[in-house]
Amino acid sequence: MEKTWRWFGKKDKISLSMLRQIGVEGIVTALHHIPNGEIWTPEEILDTKQYIETAGLRWPVVESLPVSEAIKYAGPERDQLIDNYIISLENLGKAGIHTVCYNFMPVIDWIRTDLDYKLEDGTSTLFFDKIRFAYFDIFILKRENATDDYTREELEQVYELDKTIAEAEKEQLIDTIIVKTQGFINGNIKEGDQNPVAIFNRLLNLYKGIDKNQLRENLRYFLNRIMPVCEQYGIQMCIHPDDPPCQVLGLPRIVTGTEDIQWILDAVDNPCNGLTFCAGSLSSGIHNDVPEMARQFANRTRFIHLRSTDILPDGNFMESSHLEGRGHLIELVRIFEKENPSLPMRVDHGQLMLDDEDKGYNPGYSFHGRMFALAQMDGVIAAINSLIEKG
């Protein structure tokens, strides 16, 4: 596997020289300063590519070239936005960048309710608390018919929480779910926006009447439109699973497990239509057997995210050590190194440790936590490849 690292551009607090020192080979990044839907010009692409290469690294994967919301919900500007997307893909292909990770999650990219969940060893991790999320959905968003999505037992806990939750906790939920985990990735909402709840509700309303089948067809339409340019320039589009892989906020989710992934690959049966195998996202769904999915989809995987989660008895989940949890990363490395070797891989969502906490890193993207995880995975990869060589 090629050891890559997600980097957020020249303003990232983690420098390329730091990454070179810890054994990173490739940089996974995007042109984060360009608004969603606008064209990535050759000049902007080459500027970033040359900056990375000057540091002795390469840019093998774009994560992400964002898919605008209007493409997902099929708004009137959809075709113009897809035209822009095609031009950006063409410019990437001409620059020699051939793998593009993207997602088709409506409105929200990934969801956690706690960005600093303390562990016994003094580190902290990302955490999803279903009851606190339900509270956010019902009492903060005040989403219509939100109570229909939760069990009676869950609703009882939500109403009990409402009796004790402080205003500061409510504000923290808003900041965590809407702003902190979204603004640096998909651009729908960013730090400093006034009344993020109102903005978020407006985005949710764009998907009224759109069910899973319709969202699938909108994805099929998008993929069919872009496949010719992908074929021309050898661009591998690799869709990222939903995180978490279940319905949330009344939104349709179409990349939650085996059946969904198979539908996508069959719907546009083209080698350029592939998968980002995110072990963390997939492992947070109790219905997913992650190693079995790796075996099934290894030949259509173009990019790998190595992270793992633990699902707790109450249905909550948390990011686990990279050597533990439901991701079974050691087995995944074994599968991919046998079935589809040399894929780009990046470790993901490292724990906060040492002096990471006060550095202002993007949530899930600490330096020491990811460096530690990279070292763990580097050892796993080396050991497994040694065993493969010995037969």
Side-chain angles (χ1 to χ4, degrees), residues 1-12 14 16 19 24-55 57-68 71-72 81-105 109-110 184-187 219 222-223 225-241 243 255 270-278 281 300-306 342-348 362 365:
M1 294 180 178
E2 179 180 13
K3 294 173 289 186
T4 71
W5 183 282
R6 192 170 194 184
W7 178 72
F8 296 97
K10 297 174 184 178
K11 295 182 179 179
D12 196 320
I14 300 169
L16 295 181
L19 300 182
V24 171
E25 299 163 336
I27 295 300
V28 173
T29 193
L31 304 185
H32 294 283
H33 58 289
I34 296 181
N36 290 2
E38 292 190 9
I39 292 169
W40 289 15
T41 65
E43 294 77 17
E44 291 280 5
I45 293 168
L46 289 173
D47 178 70
T48 297
K49 184 171 185 282
Q50 289 167 1
Y51 187 83
I52 291 169
E53 290 175 349
T54 299
L57 299 161
R58 70 184 213 99
W59 185 10
V61 181
V62 167
E63 184 177 359
S64 301
L65 179 54
V67 179
S68 300
I71 295 175
K72 298 173 188 175
L81 287 167
I82 295 177
D83 288 343
N84 289 354
Y85 202 97
I86 288 169
I87 296 170
S88 295
L89 288 175
E90 182 178 24
N91 292 337
L92 285 168
K94 289 177 178 178
I97 302 166
H98 299 291
T99 303
V100 175
C101 172
Y102 72 103
N103 77 68
F104 218 77
M105 290 179 261
D109 191 285
W110 56 284
F184 72 97
I185 292 179
N186 68 14
L219 173 61
F222 167 71
L223 288 172
R225 284 284 316 277
I226 67 172
M227 280 299 105
V229 73
C230 292
E231 290 176 339
Q232 182 179 355
Y233 290 97
I235 294 173
Q236 306 292 322
M237 296 295 297
C238 40
I239 195 165
H240 190 287
D243 186 6
V255 200
N270 187 308
C272 295
N273 175 29
L275 173 66
T276 294
F277 197 95
C278 180
S281 297
R300 293 292 289 273
T301 295
R302 306 292 180 252
F303 181 35
I304 303 168
H305 288 179
L306 290 182
S342 302
L343 290 173
M345 169 282 296
R346 72 171 177 86
V347 295
D348 205 0
N362 290 327
Y365 293 94

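No experiment lies behind these values; they were computed from the predicted model shown. The chain is numbered in sequence order, starting from 1.
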Problem - Any side-chain heavy-atom pair of Lys94 and Pro42 under 4.5 Å - result: no
Completion exercise
Note: Leu223 and Tyr102 closest approach over all heavy atoms is CD2-OH, 3.4 Å
Exercise for the section: Would you check if His33 and Lys11 make a side-chain contact, meaning some heavy-atom pair closer than 4.5 Å? Expected result: no
Practice task
Decide yes or no on side chain to side chain contact (heavy atoms under 4.5 Å, CB included) for Gln236 and Val61, but give the supporting numbers first.
Solution key: CA-CA 9 Å; Gln236 306 292 322; Val61 181; over 6 Å; no
Completion exercise
OG of Ser88 to CD1 of Ile226, rounded to nearest 0.5 Å, is 11.0 Å
Handout entry: Whether Thr276 side chain and Phe303 backbone form a donor-acceptor pair below 3.5 Å
Key = no
Exercise for the section: First locate atom CG of Leu16, then atom OH of Tyr51, and finally report the distance between them rounded to the nearest 0.5 Å. Expected result: 5.5 Å
Exercise for the section: Take Ile304 and Arg302 through the test side chain to side chain contact (heavy atoms under 4.5 Å, CB included) and record every step on the way to the result. Expected result: CA-CA 7 Å; Ile304 303 168; Arg302 306 292 180 252; over 6 Å; no
Exercise for the section: To the nearest 0.5 angstrom, please state how far the CH2 atom of Trp7 sits from the NE2 atom of His32. Expected result: 9.0 Å
Exercise for the section: Tell me, with the steps shown, if Asp83 and Arg225 meet side chain to side chain contact (heavy atoms under 4.5 Å, CB included). Expected result: CA-CA 9 Å; Asp83 288 343; Arg225 284 284 316 277; 2.4 Å; yes
Handout entry: Side chain Thr41, main chain Glu44, donor-acceptor under 3.5 Å
Key = yes
Completion exercise
NZ (Lys49) and CG (Leu92) are apart, to the nearest 0.5 Å, by 11.0 Å
Handout entry: Check: Asn91 side chain, Trp40 main-chain N or O, donor-acceptor pair, under 3.5 Å
Key = yes
Completion exercise
Heavy-atom nearest pair, Lys10 first then Asp47, reads NZ-OD2, 2.8 Å
Problem - Arg6/Asp12 salt bridge by N-O under 4.0 Å criterion - result: no
Practice task
Of all the heavy-atom pairs spanning Glu25 and Leu57, show the shortest one and how long it is.
Solution key: O-CD2, 3.7 Å
Problem - Contacts of type salt bridge (charged side-chain N to carboxylate O under 4.0 Å, His left out), residue Glu38, not counting sequence neighbours - result: none
Completion exercise
Residues Gly26 and Pro60: closest non-hydrogen pair is CA-CD, 3.9 Å
Practice task
Determine the minimum heavy-atom distance between Met237 and Met227, stating which atoms define it.
Solution key: CG-CE, 4.3 Å
Exercise for the section: Would you please name every residue forming a ring pair (Phe, Tyr, Trp, His ring centres under 6.0 Å) with His98, sequence neighbours left out? Expected result: none
Practice task
Calculate, to the nearest 0.5 Å, the distance between atoms OG1 and CH2 belonging to Thr4 and Trp59 respectively.
Solution key: 13.5 Å
Practice task
Indicate yes or no: at least one non-hydrogen side-chain atom of Lys3 is less than 4.5 angstrom from one of Val347.
Solution key: no
Exercise for the section: Look only at the side chain of Asn84 and the backbone of Gly37, and say whether a donor-acceptor pair between them is shorter than 3.5 Å. Expected result: yes
Handout entry: Student check: side-chain heavy atoms of Glu63 and Leu65 closer than 4.5 Å
Key = no
Fill in the blank from the handout: For Asp243 and Met105, the nearest pair of non-hydrogen atoms, with its separation, is N-SD, 3.5 Å
Handout entry: Spatial distance of atom CG (Leu275) from atom CD1 (Ile239) [nearest 0.5 Å]
Key = 8.5 Å
Exercise for the section: Could you check if a side-chain atom of Ile39 sits within less than 4.5 angstrom of a side-chain atom of Tyr85, using non-hydrogen atoms only? Expected result: no
Practice task
For the pair Leu343 and Phe277, evaluate side chain to side chain contact (heavy atoms under 4.5 Å, CB included) and give the outcome as yes or no after the intermediate values.
Solution key: CA-CA 11 Å; Leu343 290 173; Phe277 197 95; over 6 Å; no
